[in-house]
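This report concerns only the one structure given below.
In what follows, chains are A, B, ... by sequence order, proteins preceding strands, each numbered from 1. Below, each value reflects all heavy atoms present in this structure, side chains not excepted, and no hydrogens, waters or symmetry copies.
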Protein chains: 4
Amino acid sequence: MTSKEKNHPDPQRALERRQQVLDAAKICFSRSGFHGASMAEISKAAGMSAGHIYNYFDSKDAIIAAFVQQNMERVGLILSDVEQHADPLQAIYDSLEQSVLRQLDPVFWTLPLEVFAEASRNPVIAALVRAADVVSHDRLRAILLRGRALRGLPLLAVELDGRMEVMIAMFQGLHLRALHNPSLDVAAVTAALRLAFRPLLMDK
Amino acid sequence: MTSKEKNHPDPQRALERRQQVLDAAKICFSRSGFHGASMAEISKAAGMSAGHIYNYFDSKDAIIAAFVQQNMERVGLILSDVEQHADPLQAIYDSLEQSVLRQLDPVFWTLPLEVFAEASRNPVIAALVRAADVVSHDRLRAILLRGRALRGLPLLAVELDGRMEVMIAMFQGLHLRALHNPSLDVAAVTAALRLAFRPLLMDK
Amino acid sequence: MTSKEKNHPDPQRALERRQQVLDAAKICFSRSGFHGASMAEISKAAGMSAGHIYNYFDSKDAIIAAFVQQNMERVGLILSDVEQHADPLQAIYDSLEQSVLRQLDPVFWTLPLEVFAEASRNPVIAALVRAADVVSHDRLRAILLRGRALRGLPLLAVELDGRMEVMIAMFQGLHLRALHNPSLDVAAVTAALRLAFRPLLMDK
Amino acid sequence: MTSKEKNHPDPQRALERRQQVLDAAKICFSRSGFHGASMAEISKAAGMSAGHIYNYFDSKDAIIAAFVQQNMERVGLILSDVEQHADPLQAIYDSLEQSVLRQLDPVFWTLPLEVFAEASRNPVIAALVRAADVVSHDRLRAILLRGRALRGLPLLAVELDGRMEVMIAMFQGLHLRALHNPSLDVAAVTAALRLAFRPLLMDK
DNA sequence: AATGAATGAGTTTTCATTCAT
DNA sequence: AATGAATGAAAACTCATTCAT
């Protein structure tokens, strides 16, 4: 992020190469974990010599950090749909089934788990994760405030934040449930989730 | 997993030695992660030579597996209190604050995160995690069934399971929240959690 | 050493480019040593791409060799002053203080030390160093012969050579003294040097 | 020297292994220089795997430092003979030929040159070299003071130090002469050296 | 039962050199 | 003439595992 970026005369190409590495890293990290994936493995997947990767990243740690940043940024996408909705509270409630399906897909939780484990030991990654969380948090807060205002449901900021934490905990927790119990019944979980979300979203 | 157990003349002592290693491993894994912890580090913490550890474990992976098995089993302990309560639904509801405090303590989520990340890649660990989950699941189901029966709140098995998944997801998700947002307000989260748990526990 | 010179259409320009590289190399070698300086470092200092340098030098070793040759040749400059003096023996004697000051300046001994170390391992460099020494030697011999002739102090060639070796050893040794003892007293060393040089220069 | 020495249960054996490595390093450093010698080369010469060397040394730099320290310490040996002599000034004077022979032997100057070049860039090595120099310096000063006292030739400390510096410069410079001019005439150099040393040793 | 010396394969990283453009 | 992207071989170093004692 910061660091001594090499001066690439063709920044477009450099960006492509960086992305090429990050895409390869995604596959390798997914398959072997951050520490199980070797530079050799990544370079092979990227179709580029290991040495050359160092023209675009200072170290393997820098690749991990860039990868985490890029993938954390994408988390926000889920909120985009809801954001534009006229009645966001209802929109969230209605989209719960889709959200459950999404959260239970292994493709979507393998890498986050790796990231979280890394964050619990590596302060650089922890900072990235937290920064991304602040962003999502703020967006969700804005959405909920608007939704509650529409329906005449004001709420103390601290209370709203507590409810948000619990809602997010449920979503992120579903990742872990998918890992622990691959034979989860999606319909039943969705029904239960509605039960839990209704008061969190709509109660005074 | 079990595999070719060496023939130890004094099986009692062998068990003690294994435990000595697993206790040391816990400290090291917590500090450095499964892959960051070296056999040298573990052997030092265990007060035992690295070579000797191989008399009790086939490989480092076997230590990880044994460690995971042992530590997954302990998760159940949380349920013990509730199990013996006359009105378990109320007991769960009343203990939510304590549960939140517990789930937010880094001491309690560092290792689980490590385990989950490993499980998402290593099928042996995944199987252990799932087996342990089945056990906790069954115990919780029994508790809830008893509680609901007491209050005359029957429920289809599949529906109950869906609610359980969501409740567990919330708890496990709190681990992740603690990681993402270290400045969480415990009181607000507890209040929100009560809001969400009431229907999950008590609704028809 | 000379080897397969590329055919440069504009030999004048080629020479300039070579010099540009050698000047950059001097800075880099001084800072990092022959083996510590990378081609990237040199190319950056030379304001020329690393690849292009290979149009003027066959290899990094060739740069080192060319560098050594050029810088050894310059050693002779010190003798120029004395050479033109009417009474060279007196001139040498009188300039001792200046010489000491010069020899103790790190700027003047860092690179020679690098060269000598390389020469002790690399026969190509050793040959260059020896060839340059022969030249300086011959010039100094001519100066001393003239000086002694003026004063009526003939001496056998072999004896004169012995004295010259000792005088040069003293000078070159001062390089090493500066390295070993950075708090040298210049005045005291100069006085001692005069004591030692008088018989070497003037005794029958 | 300082650093995290591994705890070796058999210190005798550990010392032997360290020495085994240092002896191998001497050969390799002599042949290829500090930076030209690879750990693989050293490990082969030491008859020990490269990895194992790291049980005795923290890094290659630590090997270089240990090597330098050990070899600097030996420099003092030359003074031992003179130290015990009844008339040390005469002893130094009489042993000049032997000293010249010694200083001109490539075996004795290859490694010092390497050390000096390293010292000019590496502060750790520079410190070792300077510390060793202080020791030799102090010993030589004691010898000279005793010798001059015997002969009734008192001298200001600063003046004596200046003369010592010049004498040592000559000796160390002879290393460089041997490198520059392999066909040196030993007898002639010795004669010249006597001419220069007489006043340095004996003048008031 | 217990040690830790020893190995060798594997790790990340650097760098002289080549070559398409 | 000139670039710098790209390579591949080698560097220092780590570590799970073995085995003589």
Side-chain angles (χ1 to χ4, degrees), chain A residues 6-10 13-14 16-17 35-43 46-63, chain B residues 6 8-10 13-14 17 35-44 47-63, chain C residues 6 8-10 13-14 17 35-44 47-63, chain D residues 6-10 13-14 16-17 35-43 46-63:
Chain A
K6 270 110 188 171
N7 244 11
H8 293 286
D10 181 347
R13 182 185 190 117
E16 276 168 30
R17 288 277 173 270
H35 293 87
S38 72
M39 288 300 295
E41 191 184 341
I42 296 171
S43 77
M48 189 186 307
S49 77
H52 194 37
I53 292 181
Y54 286 84
N55 286 327
Y56 303 106
F57 294 92
D58 284 345
S59 64
K60 190 184 165 188
D61 275 356
I63 299 177
Chain B
K6 270 105 185 175
H8 293 289
D10 182 347
R13 182 183 186 110
R17 288 280 183 246
H35 291 86
S38 71
M39 287 299 292
E41 190 185 342
I42 296 171
S43 77
K44 203 172 158 188
M48 189 187 308
S49 79
H52 195 38
I53 292 181
Y54 283 83
N55 287 325
Y56 303 108
F57 295 92
D58 285 345
S59 65
K60 190 183 164 188
D61 275 355
I63 299 177
Chain C
K6 271 104 184 174
H8 294 288
D10 181 347
R13 181 180 185 111
R17 287 281 183 246
H35 291 86
S38 70
M39 287 298 293
E41 190 185 344
I42 296 171
S43 79
K44 202 171 160 189
M48 188 186 308
S49 78
H52 196 38
I53 292 181
Y54 283 82
N55 287 325
Y56 304 107
F57 295 92
D58 285 344
S59 66
K60 191 183 163 188
D61 275 356
I63 299 178
Chain D
K6 271 111 188 170
N7 244 11
H8 293 286
D10 181 347
R13 183 184 189 117
E16 275 168 31
R17 288 277 173 272
H35 293 87
S38 71
M39 287 301 293
E41 191 185 343
I42 296 171
S43 77
M48 190 185 305
S49 78
H52 194 36
I53 292 181
Y54 287 85
N55 286 326
Y56 303 106
F57 294 93
D58 284 344
S59 64
K60 191 184 165 188
D61 275 355
I63 299 178

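Considering OG of B:Ser49 and NZ of B:Lys44, their distance stands at 14.5 Å, rounded to 0.5 Å. Rounded to the nearest 0.5 angstrom, B:His52 NE2 and B:Arg17 CZ are separated by 5.5 Å. Here OH of D:Tyr56 is found 5.5 Å from NE2 of D:His8. Values are rounded to the nearest 0.5 Å.
In this structure, NE2 of D:His35 is placed 14 Å from P of F:dA11, rounded to the nearest angstrom. Per the geometry, OH belonging to B:Tyr56 stands 12 Å off C1' belonging to E:dT3, to the nearest Å. The separation between C:Asp10 atom CG and F:dA1 atom P is 8 Å, rounded to whole Å. Distance, D:Lys60 NZ to E:dT14 P: 16 Å, rounded to whole Å. Atom CG of C:Asp61 and atom P of E:dA16 are 10 Å apart (whole Å). Remark: P of E:dC15 and CD1 of C:Ile63 are 15 Å apart, rounded to the nearest angstrom. Rounding to whole angstrom units, CD1 of residue B:Ile42 and P of F:dT17 are separated by 10 Å. The nearest whole Å value for the distance from the CG atom in C:Asn55 to the P atom in E:dT17 is 14 Å.
Listed nucleotides E:dT3, F:dG4, E:dG8 differ in distance to A:Pro9; the shortest reach to its side chain belongs to F:dG4.
Positionally, the nearest nucleotide of DNA chain F for D:Met39 lies more toward the 5' end than for the other of B:His52 and D:Met39. Comparing D:Ile53 and C:Ser38, the nucleotide of DNA chain E nearest to each residue sits closer to the 5' end for D:Ile53. Residues D:Arg13 and C:Ala37 both approach DNA chain E. Their nearest nucleotides, taken by heavy-atom distance, put D:Arg13 toward the 5′ side.
Base pairing analysis places F:dT18 opposite E:dA5; the two distances defining the Watson-Crick or G-U wobble pair are each below 3.5 Å.
What you find for D:Ala40 and D:Ser43 is that their closest heavy atoms are O-OG, 2.9 Å. Contact between A:Tyr54 and A:Lys60 at its shortest, heavy atoms only, is OH-N, 4.3 Å.
Distances shorter than 4.0 Å separate none of the side-chain N or O atoms of B:Tyr54 from OP1 or OP2 on E:dT3. Contact check, D:His8 against E:dG4: no side-chain N or O comes under 4.0 Å of OP1 or OP2.
When heavy atoms are screened at a 4.0 angstrom cut-off, C:Ser59 is found touching the sugar-phosphate backbone but no base atom.
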